[in-house]
Amino acid sequence: MNYVQVYIEHNSLSLNQTFTYQTEQDVSVGCRVKVPFGHQTLIGFVDSISNQCDLDTVKSVLEVLDPKPLLNVELLDLASWMSDYYVTSKISCLKTMLPPALKPSSSHTHVIYEQWAMKGNGSGSLTPKQTTFLASISFPCKLSQLRKQSRTMTQRLIDQGYIAIEQRPKGMSMTASLHENHSFTLTSEQKQAVLTISKSNDTVFLLHGVTGSGKTEVFLQLAQQVLSSGKQVLFLVPEIGLTPMMINQVSARFGKRIAIYHSQLNAQEKYDQYRLVKEHKVDIVVGTRSAVFMPFSDLGLILMDEEHDSSYKQENMPRYHTRDIVKWRANYHGCKVVLASATPSLESYARAYKGVYHLVTLTHRISVSMPVIHLVDMKTQKTHFGLSQDLLDAISIRLNRREQTILLLNRRGYLPIMRCMDCGQIMTCPDCGLALSYHKKDHQLMCHCCGRTFPYANTCPSCGGHHFYQSSMGTEKLEEQLQTLFPSAHIIRMDADTTRKKRAHQKLLSEFERSGDILLGTQMVAKGLDFARVSLVGIINADSGLARLDFSSNELTYDLLEQASGRSGRQSQQGEVFIQTFDPNQYVMRCVLHHDYQRFFKQEMQFRHLGMYPPYVYMCTLIFSDVDSNKAMKKAFQAKKLALSVKVLGPVEISMRQKKARCRLVLKAKDQKTLHDCVWKIAKAMKGNIDINMYPMLLEE
């Protein structure tokens, strides 16, 4: 009899402990088991095994679900570290690491299997036709293919044992377009970057290169060196939209031994890619945030593109940052990490400035100079549908030249705010308390926070009025207006609404490269795209990000504007960028105008120092929810009384979620351990009924 310590599938911190069960079945640490828990039957994860137990009564494991462990020792250790570091339950970390079909949860999808025909040891006589048919089979093969050829003969051969049946996980075919592999002549800066990273004994490198300076080619050169030594490489990108472009570049250089992992794959596809890595059938993984947990056995290099991007921070439990996981795994495998960006995060650049990271720079574009920036003062400009005359003239020139334009409007929908002109009421989501956006195509109102939709009746729920002020605009409305201004232009819109379907990112980008004139979108068009014919970028409502009441609003705005500007003029022609702003003298705008990251870094760090914000302090947010706002506030004050060792801001009431009022505390400390111990103290005292975000990039509103 063995006794197993099991983490059950509930994420609550109040259940962040193991429960003891007994079993006579073969089981290993890292396997899933089905166990009774109260009046429920749940899935658990085996954490340890012993042959002794001092409990009087112990329930039995109902079923062992895995013949072999799902996670290796490294990933089990990583889950323990994550649980402690981010003040979250260990089971939530284990769930995050596994593809949906393998998650220790009774509500998730299961692996789909299919039957394969294997050569068997048959007996008995065969007819000449059966003998010919058997000889024509190339084992192993899918049983369904044989049955298509002859269902009767296939079944006869199975009955006589000449064909054996094996259950295998259903596979998939990932489409990695194999483009021609062009040879590249490295610039002197690129050669020096590759040499520095290759020869240095340091572990973490920050590759700071201006847009178009060839950071990806440095990645590929470094990957080639590691692959030639027989080790594996992980390429990370922040957005699904960037994945197809990286896949094409990697597959063109290294062939098809590539696994692809991102959120738009279905459960079976994710499982298949996970299995390829686990069985060491691939050498390279290209993926977004979740790919950082792939079960590598011999990892030799981690490449993290656009390391500044907020998409690398998980929004729900466990609220990890990919960069932290990358560094932990690199330390475990003894491999190097290259963090790359044209606009590094303040935290990373500060570490490079102090010598914690090894700073490597690329200061020049490969083929042409940096794009010319125009700050368009919207207070003095004549506008058409929110577009300045200067920008419209520039678009017309590109259409005549058969060149391409990218327009950035970081707000989707048709009308972001529906305000009644009779009573001033703004239509809001009853669950979240946030303004609803009107989507003309579906003729409905949508909450961009929770995704809930409502029919649009053109009637104010407050006063019954029918007149609404069209405040601002979103990408859907701008697309309609652009088509009116340029009726012959091929306009492609790329936002969260047009990219919902599988592989929509790849289709839209391919369509734009092939025949598009104008690519209009939200922030997903602002980074990583490299199109030869794009010579113009227009940024509408550039000031909107600065209006956020958040310590990181300046940094996020600078990143977005600089990255978007970098999409213009990446090949032979000189690029231009038109940034529409109501405050062209604001220092973020001036830094973007001159592509001056150094000035931005110094000025923003002064602000962070004065306000005592990261990277000068460690920070955590605690959010308390309840249907009764008074009870939520009471919980927040109870927690505040426990936070005596750190600086506390709040509590303050923030927007609703799922019909619940929410109150937020912000904790700050100069010492990381002090903050860590304080948050764990609060979490245990409040019995886990709290939303904890360690080291947030944003203050949730």
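Below, each value reflects all heavy atoms present in this structure, side chains not excepted, and no hydrogens, waters or symmetry copies.
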| query | Would you say the side-chain atoms of T522 and D495 include a donor-acceptor pair closer than 3.5 Å? | reply | no
| Between D596 and Q598, do the side chains contain an N or O donor and an N or O acceptor separated by less than 3.5 Å? | no
| request: Verify side chain to side chain donor-acceptor pair (under 3.5 Å) between S80 and S83, making sure each step is shown before the conclusion. | output: CA-CA 5 Å; S80 297; S83 173; over 6 Å; no
Which residues satisfy the salt bridge (charged side-chain N to carboxylate O under 4.0 Å, His left out) test with [X], sequence neighbours excluded?
X: K68; answer: none
X: K90; answer: D47
X: E74; answer: R329

| request: Would you check, one step at a time, whether the test side chain to side chain donor-acceptor pair (under 3.5 Å) holds for S200 with T196? | output: CA-CA 6 Å; S200 174; T196 299; over 6 Å; no
Can you pull the salt bridge (Lys or Arg N to Asp or Glu O under 4.0 Å) pairs that have at least one residue in [range], sequence neighbours excluded?
range: residues 231-240; result: K231-D298, E239-K527
range: residues 331-350; result: R323-E347, E347-R351
range: residues 187-204; result: none

| message | Tell me which pairs pass ring pair (Phe, Tyr, Trp, His ring centres under 6.0 Å) where either residue lies in residues 299-323, with sequence neighbours left out. | response | F293-Y320
| How would you list all residue pairs meeting ring pair (Phe, Tyr, Trp, His ring centres under 6.0 Å) that involve residues 188-237, not counting sequence neighbours? |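 Checked against ring pair (Phe, Tyr, Trp, His ring centres under 6.0 Å) - neighbours excluded - the pairs reaching residues 188-237 are F205-H358, H208-Y349, H208-Y597.
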| query | Do F45 and Y7 have ring centroids that are under 6.0 Å from one another? | reply | no
Which residues pass the side-chain contact (heavy atoms from CB on, under 4.5 Å) test with [X], sequence neighbours left out?
X: E403; result: R398, R401, S535, Q573
X: T499; result: M494, A504, H505, L508, M524
X: S565; result: I373, I539, V577, I579, V592
X: Y353; result: none

